[in-house]
Amino acid sequence: MLPHSLANRLLGPGWPGHLLALLAGALTTLGLAPFGLWPFSLLGIALLYLGLRALNPRQALLRGWLWGMGQFAGGVHWVYVSMHVHGDAPPLLAGLLTAGFVAGLALLVAGSAWLWARWLRPARAGWLSAGAFAGLWLLQEMFRSWFLTGFPWLHLGYAHTDSWLAGWAPLGGVWLLSLISVLVACLLAERQVWQRRSDALGAVTLLVVLWGGGWALQAIDWTRPAGEPLSVTLIQADVSQSRKWDPQHIDETLRRYRDLSYAAQPTDLMVWSETAVPVLLSQSLDFVQAIAGNLEQQGTTLITGIPVDDRAADGRLLIYNGIMVAGSQPGLYLKHKLVPFGEYVPLEDWLRGLIAFFDLPMSSFSRGGADQSPLHAAGYRLAPYICYEVVYPDFAARLAANSELLITISNDTWFGASIGPLQHLQMARMRALESGRWMIRGTNNGVTALIDHKGRISAELPQFRIDVLQGQVEPRQGLTPWLRWGSLPVLLLALALLSAGWLGRRQQQ
C-alpha cells in the first residue's frame, strides 16, 4: 500500500496524476494480444478509477482524456502504418491524422469520466461506487461500438480470452467480460471495502464466484455437433498491398491462387482471402467458375473474396466487398460494416481528392444489406464476416445464430508488422467462443487459422508467408445464451448497477 501522501500526489489533480493516467491507459494494451498480460488491464482501469475519486468534473474530463490517449495510442498506433505505408500520406501528415484519431477516441473516455464525477460518483466509496463505475464503463464501450458506425476495438473484455473469466463469454459475450473485469478491478482498488470485515468477506465471495464460476463454465458445451467434421484448405497468398490492385500484377496474383489451390490435397472446402480476386465479378466470373468447376470434380467447394459490381435503379455503378461460394450452387454475401476511409470516405464530397490517403484504391464500396442470409456450402450454413465485421459482437451474433460454422476472410496487410493483426485474431477467437461454433479464418498475409468452438486455435499459419493451411472444422448446432438473448441482459445489468450507484449517491447527499 502506498503511503497516503504519496498516493495523494500520484492520484490527485496535479500533473503527476495526469502522467500516471496516461501510463495507466497504455498499460491496458499489455492485457490484450499479442501480450496477453491480463493483470495489466485490471491495473490500468483501477488506476483510472482511483484517480477520479477526488477530482471535480472539469479535472475528471482531462484525466479521462489522458487515460484514453494512453489506451488508444498504445493500442491502435498501427493506424499510422495504414495511412503512411499504404495510404501514401507523408510521415508528418500520417502522424497528425493518427494523433487526431486517437484524441477523438479518447474524448469518449473523457466524457465518461466527466459523467462519473458530475452525476454518478457516490460521496462514500464502496460497493455501489465500484458497481456503478463498471456499469458506466460498459455503456461507454457499447456506445463506442455504435457511434459513427463504431470502432469496437480494445474492449477490456478481450484481455480475458484466455483467463478463467472466458467461461462467461457464451453467456454475455465480450460485454459481460468487460463488465466483470472492470468490477473486479474497482473492487480490488476499493480501500473502504477491505477495511470492514463484512464487506471484505462479501468481496472475496464475489471474486471467488466470478473467477471460479468462469473456470467451471469453461467445461460446459453450450452447443453440440451438427454432423461429421469438414476438411478445409485455406490459401494464404501473401500478396503485398502495393501490388494488390496494380493491373500489371493481377495476372500473377490469380496464377498464385490457382496454382496453390490445384497443388493442395482435396478437401471439402477451400477458402481464399478477402478480395483475393482483385477484379470485378462481372469480369472475373469465368475465371473463378472454371477453377471452382475443376475443384468440384474433386469434391471441393471454393469460397473466395471478390469485389461485386451491380447497377442501381438510376444507372449508378455499385461495387460491394463480397464473399462468394463459387461453383454449381453459387452464393453471395456483401459486406455491411465498411471501414471508414479504407472502404468508403465519410464526407466524400469534401475529402475526396484532398490528399492521396482519401483516394485509396477500392475506397468507394457500397454497403450490403443488414439482413443477409448465411452462405451455404458442403451441406451447412456458414455465417460470413469480411474483415472488420468480425469485431462487432452483436452483429456477428445475429448471423452466427442461424449457422453451423463461422467464416471470416480478411486482408490484414493494411496493418503491416504491427500488433493490429494479432488483436484482430483475438477478436475472431472471441466470436467463436461466444457462439460455441468453429471459425474458419482466411487471410491474405496472416494470421490464417482454424478456431474451435471454445475460441482455441487448432491450426494456424505464420504471418508474411505464402502457404497453405489444411485441417478440420466441426459444424455445431444449438444456441449459447449469448446467441439466444444477445446483449440485452448485460445492458440491463449495467443499467441496474448504474442506477444503484446513482440512488446511493442521492441518499448520501
Side-chain angles (χ1 to χ4, degrees), residues 32-33 138 141-146 149-155 157-158 160-161 166 168-178 222-223 271 274 303 305 321-323 333-339 343 367-375 380-410 412 421 423-443 447 449-457 473 475-491:
L32 304 170
L138 179 63
E141 286 195 346
M142 285 184 160
F143 179 77
R144 178 158 55 84
S145 75
W146 165 82
T149 74
F151 185 70
W153 217 273
L154 302 186
H155 294 330
Y158 288 117
H160 299 281
T161 305
W168 295 101
L171 281 79
V174 70
W175 302 130
L176 182 56
L177 298 192
S178 285
W222 298 96
T223 57
V271 178
E274 179 185 10
I303 303 176
N321 191 348
I323 178 171
Y333 169 80
L334 307 177
K335 188 176 182 181
H336 176 69
K337 296 285 189 180
L338 301 179
V339 181
E343 292 176 316
R367 189 182 305 275
D371 297 316
Q372 300 179 65
S373 301
L375 296 173
Y380 294 99
R381 296 172 300 174
L382 283 69
Y385 314 108
I386 300 178
C387 186
Y388 194 53
E389 292 184 314
V390 81
V391 307
Y392 289 86
D394 293 275
F395 174 82
R398 288 195 294 272
L399 280 171
N402 297 309
S403 70
E404 289 81 40
L405 285 167
L406 313 179
I407 181 170
T408 180
I409 57 172
S410 186
D412 285 357
Q423 293 173 340
H424 201 189
L425 172 65
Q426 184 176 55
M427 289 183 273
R429 292 178 56 204
M430 182 61 71
R431 301 292 87 82
L433 175 59
E434 292 167 344
S435 62
R437 281 157 172 72
W438 281 67
M439 174 173 284
I440 301 166
R441 187 171 195 264
T443 71
V447 178
L450 299 176
I451 304 167
D452 74 8
H453 65 294
K454 297 288 188 178
R456 300 169 301 204
I457 296 175
V473 295
R476 297 185 71 87
Q477 59 187 344
L479 299 179
T480 64
W482 165 252
L483 292 188
R484 190 178 300 276
W485 303 108
S487 59
L488 181 59
V490 187
L491 176 60

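Just so you know, these numbers come straight off a predicted model, no measurement behind them. Side chains included, hydrogens not; waters and symmetry mates left out as well; all remaining heavy atoms used.
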Side-chain contact, heavy-atom cut-off 4.5 Å: [X] with [Y]?
X: L399; Y: Q372; value: no
X: M427; Y: P152; value: no
X: I386; Y: Y333; value: yes
X: L425; Y: I451; value: yes
X: P475; Y: L405; value: yes
X: R441; Y: V390; value: no
X: M430; Y: P393; value: no
X: L450; Y: I440; value: yes

Output, in order, the C-alpha distance, side-chain angles, deciding distance and verdict of side chain to side chain contact (heavy atoms under 4.5 Å, CB included) for T149 and K337.
-> CA-CA 8 Å; T149 74; K337 296 285 189 180; over 6 Å; no
Pair W222 + H453: ring centers closer than 6.0 Å = no
Ring geometry between [Y] and [X] (parallel below 30°, tilted from 30 to 60°, perpendicular above 60°):
X: W153; Y: Y388; value: parallel
X: F395; Y: Y392; value: perpendicular
X: W146; Y: F143; value: tilted

Can S487 and D394 be said to form a side chain to side chain donor-acceptor pair (under 3.5 Å), step by step?
-> CA-CA 7 Å; S487 59; D394 293 275; 2.8 Å; yes
Ignoring hydrogens and angles, tell me if any N or O in the side chain of [X] forms a donor-acceptor pair with the backbone of [Y] under 3.5 Å.
X: T408; Y: Y385; value: yes
X: H424; Y: C387; value: yes
X: E389; Y: K335; value: no

Candidate pair T480 and E434, rule side chain to side chain contact (heavy atoms under 4.5 Å, CB included), full reasoning | CA-CA 7 Å; T480 64; E434 292 167 344; 5.8 Å; no
Taken in chain and number order and not counting sequence neighbours, the residues that satisfy side-chain contact (heavy atoms from CB on, under 4.5 Å) with R484 are L479
Qualifying residues under side-chain hydrogen bond (donor to acceptor under 3.5 Å, both in side chains), relative to Q426, sequence neighbours excluded = none
Enter the distance from N402:CG to R381:CZ here, rounded to the nearest 0.5 Å.
-> 6.0 Å
Counterpart residues, ring pair (Phe, Tyr, Trp, His ring centres under 6.0 Å), relative to W485 (two or more places apart) = none
So I409 and I303, side chain to side chain contact (heavy atoms under 4.5 Å, CB included) or not? Walk me through it.
-> CA-CA 10 Å; I409 57 172; I303 303 176; 5.8 Å; no
Test V174 against every option in E141, R431, H160 by the side chain to side chain contact (heavy atoms under 4.5 Å, CB included) rule and name the one that passes.
-> R431
